[in-house]
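Quick notes on the structure that follows.
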Amino acid sequence: MELWIGAANLGILYAFMAIGTFITYKLYSFPDITIDGTFTTGAAVASILIVDGWNPIMVLPVAFLVGSLAGFLTGFIHTKFKIEGLLAGILVMTSLYSVNLHIMGKSNIPLLNSSTFVSILSVLNPGLHAELWNCIFLILVMVVFWMLTALFLKTDYGLTMRATGNNPVMVAAQGVSVDRMKIFGISLANGFTGISGALVAQYQGFSDIGMGIGSIIFSLASVIIGEAILRHRSMFIKVLGVILGSVIFRLAVAMALHLGMDPNDLKLITAFFVLVTLIATGSFGKSSSGVLRYFHGIAKRHRKKFVALILSILILFAGYIFLIPKGAGKESEKLVKIGIIMANNSDIVSKTQDGLLSELNKLGYINGENCVILEQNAEGDIPTNQTIIDHFINEKVDIFVPISTASTQAALNKVKDKPIVFATVANPFVIGAGNTPVDHPPNITGVYGASPIKDLLRVFRQMYPGKVRIGTIYNPAYPNTVSNLKDLKKALNGDKEIILEEVTVAGSNDVYQAALALSSKKIKAFVLINDLTVFNSFESVVRVSKNNRIPIFSCDAERLQDGALIVYGFEYFVSGMQAAHLIDRVIRGENPAYIPFEKYKIVTYGVNYDVAMELSINIPESVQSGADASVKNGKLTKPPFILPADHRHRTEKRVALFQVNSNSLLDQSAKGFKEKISGETKIKPFKLIMDEYNAHGDYGIGQTIAKTIVEKDYDFVVTFSTLSLQMMANANKKIPHVFCAVTDPIKAGVGKSLSDHLPNLTGLATPQPVEATVKLMRGLFPMARKIGIIWNTGEINSEICTIKARKSCKVYGFQLVERSITSLNDLDDALNSLVSSGIDIFFISGDVMISQVIPRLAETMQKKGIPFITNTADDVNSGTFLSLGADYYEVGERAAVIFEGVVLGANPADIPIELFVPFSMGINLLQAKKFGVMISDTLVKKAKFVIR
Amino acid sequence: MIRIRNLDKTFNAGSLDQLTALKEINLDIAEREFVTIIGTNGSGKSTLLNTIAGNILPDKGTIEINGLDVTRKADFQRARHIARVFQNPYSGTAPGMTIAENLLMAWFRGRKRYPVISLNGTLKSQLQKQLASLDMQLEDRLENLMGTLSGGQRQAITLLMAVLQTPKVLLLDEHTAALDPKTAAQVIRLTRKFVTGNTLTTIMVTHSMQHALELGTRILMMHNGRIIEDIHEDEKRHLTIEDLLNKFDEIRKLEKLTPEIMVTLKNQYR
Ligand SMILES: Nc1ncnc2c1ncn2[C@@H]1O[C@H](COP(=O)(O)OP(=O)(O)OP(=O)(O)O)[C@@H](O)[C@H]1O
Ligand SMILES: [Mg+2]
C-alpha cells in the first residue's frame with residue numbers, strides 16, 4: 001500500500017505545479033520551462049528557511065513569492081523584449097540554476113532533523129498509517145486549493161486571463177494589457193511551482209539542486225492525462241482533471257517500478273505517452289502535418305473508446321493493486337528480501353553494486369534460493385529514488401541497501417522501521433544520518449568515506465616539493481564534490497606553498513575548456529577530486545594532460561588505466577563488499593543501531609608508468625615502492641581485494657579505566673561512566689572486564705600504570721582528566737582509547753583539531769565555562785574591579801583556564817590579579833597577598849590541586865567578606881558563593897556512549913572529539929544577601945544546588 | 001472629437017521594402033459624425049484606423065481624442081474610448097469561451113477587472129436582453145461556446161460588444177467584407193441601428209460604394225497614404241456611384257495611371 005499512497009501523495013504535491021502548467025500551457029499556450037528552475041528555487045528557499053528555524057507552513061508563501069518572481073522575469077523578458085516564450089523560459093531557468101546554488105549555499109540541504117509539514121502532521125497523527133494520514137491531509141488541502149483555483153478562474157480577472165490566452169487581439173481591444181495579463185499568469189504558475197518545490201522538499205526530507213530537472217515534461221504529462229480522462233468545459237472539472245492527472249502520472253511511475261521496469265524506459269514511455277495524447281486530443285498547432293490530423297481524426301471519432309480504454313486500464317490497475325499482492329508471492333515471503341536502490345549509472349555506483357552482489361554471493365546468499373535480491377536504479381532522477389523505496393516498502397523488503405548519497409538520503413527519510421545498510425556515501429553526517437560513526441539513527445548502518453585527498457597530496461608533495469601551482473576542476477552541483485573540495489582545501493591549508501587554481505564546470509561539455517584554462521595558468525599538475533562530471537569526460541583532461549605535459553593526480557582508483565599518472569583512491573568495489581558483510585550481520589540478527597558506520601577499508605595507490613614515460617616524468621623511488629598498483633606497457637597490476645580479518649566476534653573485552661588523581665569531579669565522571677555502561681544494553685553481546693587504576697596523585701605511579709596497561713594489552717582504555725589522557729596517550733599508540741573530563745585536548749597535545757587527532761583515541765572536551773562565569777560576575781557585581789585568581793603552574797588545565805580568564809576579564813572590564821603556586825605550601829602566602837591587594841572577587845578555575853582545599857578557602861573568603869566563585873558546581877556545598885561548571889556525571893555518561901561505539905568496532909580515528917559541556921550551577925543565597933546581590937528567579941531555577 | 005495633425009507612418013524605414021503608408025494626414029472629425037473611408041488597396045485605410053486605435057504608433061504627428069493627446073498611448077489604454085470591429089469575424093471574439101463570458105469581457109471594456117464573480121443571474125439576463133436586440137435568435141445561447149457560431153453571428157456579437165459600453169469612437173474596418181451578402185446586409189443594418197441609437201463618432205472603412213453612400217455623413221477617399229477627397233454632408237447627398245468613380249478617374253489622370261488599372265478599379269468599386 002505504501003507505494004501507491006506514497007505515489008499519490010507525491011502526485012498531489014506535484015499537482016500545485018501541474019495546475020501552474022495548466023495556466024501557462026492550457027490557458028496561454030505557453031510551455032513555460034522556467035518551472036524546471038522554479039521548482040528547485042521553491043525547495044531551496046523553503047529548506048534554508050526551515051533550517052533557519054522557520055515554521056514549515058510559513059515558508060510556503062515565501063516559496064510562492066520567490067517562484068512568482070522568477071515567473072515574472074520570464075513574463076517580462078517575453079513580453080517587453082518580445083523574446084520567444086520558450087527561449088525566455090530557458091534563459092530564466094538557466095540563470096535560476098546559479099541562483100538556486102547561491103540560495104542553498106551547497107547543492108543539497110537535508111531536512112531530516114528539521115520540522116517539516118510531515119513532522120508536524122506525524123505529531124497530530126491519531127494513530128493511522130503515516131502515509132495514509134499524510135494522504136488524507138493532502139487531499140483536504142488539495143480540495144481547498146482546487147476550489148480556490150477554479151473559482152478564481154471564473155472571476156472577472158480569471159476570465160480575462162483565459163480570454164487573453166484565447167484571443168489576445170480581442171482582449172487588447174477590450175482595454176486589457178495583454179502583457180500584464182501574461183506576466184501575471186506566468187508569475188502565478190511559477191508561484192504554484194515554488195509551493196510544489198517547497199512541499200516536495202519537505203516530503204522527501206531534503207532539497208537538491210537537480211530536483212527540478214524534467215518538471216516541465218512531468219507537468220505537461222499531468223495536464224494532458226487530466227484532459228484525456230476528464231473532458232468538460234467546467235473549470236472545476238478541468239482543474240480536477242489536472243490534479244488527477246498528476247496523481248495518475250505518479251501512480252504510473254510507481255506501476256512501472258512495481259512491474260520491474262527500468263525507470264529510464266519510463267521516460268521514453270512518458271514522452272511517447274505525451275505525444276500520443278497530444279495527437280489524440282488535438283492539442284497540437286495548426287501547422288501540424290496531415291498525418292497528425294489523420295490520427296487526430298481517428299482519435300476524435302473514437303474518443304469514447306479512447307477514454308474507455310484509459311478507464312479500463314485504470315480499473316485493471318486498481319484491481320491489481322488491491323487484489324494481487326495479497327495472494328501472490330507467498331513462497332518468496334519467507335525469504336529475506338534485500339532491496340538495492342541505486343541513484344544513477346555512474347562508475348562508482350555500478351562498481352559498488354558489483355562488489356556487493358559478488359560478496360553476497362560468497363557469503364552464501366543466492367537470489368531466489370535463500371533470499372530475494374531486488375535492484376532498481378533511479379537513473380539520476382531524484383524523486384524516483386523515493387518511488388523506488390515506496391515500491392520496496394510495498395514489496396515488504398527486509399533490508400534497504402541504498403548505494404550513493406541521493407538514494408541513502410531518500411531511504412533515510414522514508415524507512416524508519418526496517419534496517420538500512422548504505423554503501424558508497426562520502427559523508428553520511430551531512431545528509432543527517434547521525435553525528436558520528438557510532439551515534440546514528442538506530443536502523444541505519446553502512447559504508448562511507450571521503451576521498452583520501454590528504455594522502456594524494458602527500459604523494460604529490462614527494463614528487464613536487466617547493467612552491468607549485470596545481471589545478472582542479474569540479475562541478476559545484478554535486479554535494480559530494482563540494483565536500484571533497486572542502487577536504488582538498490583543508491588539506492592544502494597546512495601547505496602554504498601550494499597555490500590552488502580551481503575551475504568550475506556545469507556539465508561534461510565544459511571540462512575540456514576548463515582543463516585548457518588551467519593549463520594556461522602554469523599549473524604543475526591536475527589534482528582531481530572525485531566528481532562525476534569531470535570523470536564522465538576524463539578523456540578531455542587526459543588530452544590536455546598529454547598535450548601540455550601536465551600529469552593528473554586523481555582520487556579515483558579507476559582512473560589509473562585511463563591516463564592519470566598517480567591515483568590514490570578508494571575501491572568502490574570494496575565498499576560493496578563491506579556492505580555485503582554488514583547486510584549479513586544484520587540478517588544474522590545484529591541490531592544496526594550497534595553497528596558503527598565503516599570507512600572504506602581498501603585504498604589503491606597506483607602509478608601509471610606509461611603515462612610517466614609519455615610525459616617524461618621521473619617517478620621517485622619512494623613513490624615506486626609505496627604504490628601497490630601500476631600500469632606498465634598497458635598492463636594493470638593490482639593486488640586482489642582482501643578484506644582485513646574481523647576480530648569483532650571475540651566476545652570478551654578487557655577495559656582499563658585510568659585516573660591519575662582523585663577529586664570529586666573526576667570521581668563523578670568515572671561514576672557516570674560506569675553506571676551508564678553497566679545499565680546499557682548496546683554492548684551486551686560482549687562481556688566487559690573492567691579494571692580500574694588510580695595513581696592517587698602520584699605521577700610516578702601514574703606512568704607505571706600507563707605502561708602496565710599497554711603491556712597487559714587491554715582491548716580498550718578509558719581515562720579521566722587531562723593528566724590521565726596525556727600519560728596514557730604517551731605510553732599507548734595502539735589500544736583504542738576514550739578520554740573524558742579534559743578541558744582542552746588540543747592544548748593537551750593529542751590532536752590538531754577536534755577531527756584531526758591521534759588515530760587510536762577519541763573523547764570529550766569539557767572546558768571550564770570561564771567566559772560565562774566572568775560574564776555572570778559582571779552581571780552580579782556591576783561595580784567590582786579586581787578579580788583575584790590562584791593557579792598551579794604545573795597543571796595545564798589550570799593554565800588554560802587562567803588564560804581564558806585573562807581574556808574574559810578584558811572583555812568585561814575587570815582587572816585580573818594572579819598568584820601562581822607550585823604546591824599547596826605556597827597557598828597561604830598567595831592568598832594573603834591577594835587579599836591585601838584589595839580584590840573584589842576570588843576565583844578558582846580548573847585547578848585540580850587547589851580544588852582539594854576549597855572548603856578552607858571558602859571559610860577564609862567568608863571571613864573576609866569576598867565573594868568566592870569557582871567552576872565546579874558542587875563547590876557551593878563547600879562554602880563558595882557561586883559555582884558554574886560542567887556536570888561531570890553527565891560527562892562520564894557521554895563518554896560511555898562513545899566508548900560503546902568503539903567497542904562495537906568504530907575506529908576512534910573516525911570519531912571527532914566532541915565538545916561537551918552540560919552546564920551545572922551552584923549558588924548560595926545567604927551569601928548573596930550578605931553581599932547585597934539580587935539573584936533573579938530564573939538564575940535560581942537554573943541552579944542545581946541552592947543554599948538558602 | 002478626433003483631431004489628427006501631420007500624421008506620418010513609414011513601415012520598414014531605411015530598408016529595401018520601405019513603405020510609406022500614411023503621409024501628412026490632417027483630419028478633424030466632429031462628435032457624432034459618421035465617416036466612411038474608401039480607397040484603393042494598400043492606400044493606408046487600415047493603417048489610419050490602427051494608428052487611431054493605438055495598434056500602430058505613428059512616426060510623426062499627433063492624435064487627439066476628445067481633447068486628449070493619445071499619440072503615445074497603448075491600444076489597451078485607449079480602449080476605454082475606442083471600440084473596434086475587425087475585418088476578420090474571428091478576431092473580435094474568443095472562440096474557447098462562452099458567449100456570456102465574451103460579453104463580460106466587453107462589459108468591462110476599459111475598466112479594471114477584479115477577482116470577483118460578476119457573471120451572475122442579473123447580469124446574464126441583462127446580457128440576454130442585449131443579445132435579443134441582434135434579432136439573431138442568440139439570446140438562449142449564452143452558455144454556448146463562441147467557436148460554435150457562424151462568422152456572421154460572431155461579427156454581429158462583436159458589433160454588440162463594441163457598443164455594449166457606449167464608446168466615444170467606433171472604428172469599423174471592412175467589417176462586412178468577409179460575410180456573405182445576406183449576412184453582410186444584416187450586419188450593416190445592425191451597424192446603422194447601433195450608430196444612430198447611440199451618440200457615437202464612427203469611422204467605417206468599406207470597399208462598397210453603396211455602403212459609403214448610404215451610410216454616414218461624410219466620405220473620405222484615400223490614395224497612396226493621403227486623403228485625396230473629403231466629401232461633406234451637403235455634397236454627399238447628391239453624390240452617385242458614378243461620381244465617385246469619376247473621382248478615381250481624376251486620380252488616374254493626376255497620377256497618369258494606365259487605363260488597365262482604371263478597369264481593375266472600376267471592377268473593384270462596382
Ligand atoms: N505591419 C506592416 N508592416 C509593413 N507594411 C505594412 C504593415 N501594415 C501595412 N503595411 C503596408 O502599408 C500599406 C497600407 O496598408 P493598409 O493595410 O493600411 O491598406 P488598406 O488601405 O487598409 O488596404 P486594403 O484595402 O487592402 O485593406 C500597404 O502597402 C501595406 O502593405
Ligand atoms: Mg485594410
Side-chain angles (χ1 to χ4, degrees), chain A residues 22-30 79-80 82 145 147-185 187-188 191 227 231-238 281-283 285-286 300, chain B residues 49-50 53-55 73-98 100-120 123 143-148 154 157-158 161-162 164-165 167 170-171 173:
Chain A
F22 170 75
I23 292 172
T24 47
Y25 178 66
K26 284 318 298 182
L27 300 190
Y28 288 162
S29 313
F30 182 96
T79 55
K80 300 295 176 209
K82 306 273 176 268
F145 187 70
M147 290 292 167
L148 286 179
T149 315
L151 272 177
F152 173 72
L153 290 175
K154 288 171 82 76
T155 63
D156 302 346
Y157 204 85
L159 276 174
T160 310
M161 279 171 70
R162 285 161 56 198
T164 305
N166 208 229
N167 186 348
V169 176
M170 175 263 219
V171 291
Q174 303 303 342
V176 175
S177 165
V178 172
D179 290 358
R180 214 174 288 162
M181 238 40 222
K182 270 195 172 167
I183 293 177
F184 176 79
S187 305
L188 187 68
E227 198 177 40
R231 272 214 136 174
H232 198 274
R233 264 171 44 203
S234 154
M235 266 302 136
F236 283 100
I237 306 286
K238 277 190 172 158
T281 53
S283 316
K286 288 192 185 76
K300 207 166 192 178
Chain B
L49 252 58
N50 280 332
N55 294 60
K73 287 239 154 57
D75 51 354
F76 66 89
Q77 289 166 315
R78 301 185 199 184
R80 196 185 176 98
H81 305 297
I82 301 177
R84 302 195 68 181
V85 180
F86 305 90
Q87 176 172 1
N88 182 345
Y90 303 109
S91 294
T93 47
M97 303 174 72
T98 65
E101 288 168 343
N102 270 281
L103 287 173
L104 187 84
M105 287 299 108
W107 185 260
F108 284 105
R109 181 162 43 71
R111 285 197 277 160
K112 246 180 114 64
R113 290 130 209 266
Y114 296 96
V116 292
I117 300 184
S118 305
L119 200 56
N120 50 19
L123 183 60
E143 298 303 328
N144 285 31
L145 285 187
M146 195 55 108
T148 61
R154 283 178 69 171
I157 292 180
T158 311
M161 283 167 59
L164 201 56
Q165 292 291 337
L170 176 63
L171 303 178
D173 190 356

Quick check on the interface: out of [options], who has the most heavy-atom pairs with chain A under 4.5 Å?
options: B:A94, B:A162, B:A79; value: B:A94
options: B:K112, B:E143, B:M146; value: B:E143
options: B:T93, B:T158, B:D75; value: B:T93
options: B:R111, B:M105, B:R84; value: B:M105
options: B:A74, B:A83, B:G92; value: B:G92

| query | So what's closer than 4.5 Å to chain A heavy atoms on B:Y90: side chain, backbone, both or neither? | reply | backbone
| Interchain contact, B:N55 with chain A, by part (heavy-atom threshold 4.5 Å) | neither
How many angstroms lie between [atom1] in [X] and [atom2] in [Y], if you round to the nearest 0.5 Å?
X: A:R233; Y: B:N144; atom1: CZ; atom2: CG; value: 7.0 Å
X: A:L159; Y: B:T98; atom1: CG; atom2: OG1; value: 7.5 Å
X: A:T160; Y: B:L104; atom1: OG1; atom2: CG; value: 7.0 Å

I'd like to check [X] versus [Y] (side-chain heavy atoms, cut-off strictly below 4.5 Å). Are they in contact?
X: A:T155; Y: B:Y114; result: no
X: A:D156; Y: B:I117; result: no
X: A:N166; Y: B:P95; result: yes
X: B:R113; Y: A:Q174; result: yes

| field | Toward chain B, the part of A:L153 with a non-hydrogen atom under 4.5 Å | value | neither
| task | For B:F76 and A:V178, run side-chain contact (heavy atoms from CB on, under 4.5 Å): C-alpha distance rounded to whole Å, both residues' side-chain angles, the deciding distance at 0.1 Å, then the answer. | result | CA-CA 8 Å; B:F76 66 89; A:V178 172; over 6 Å; no
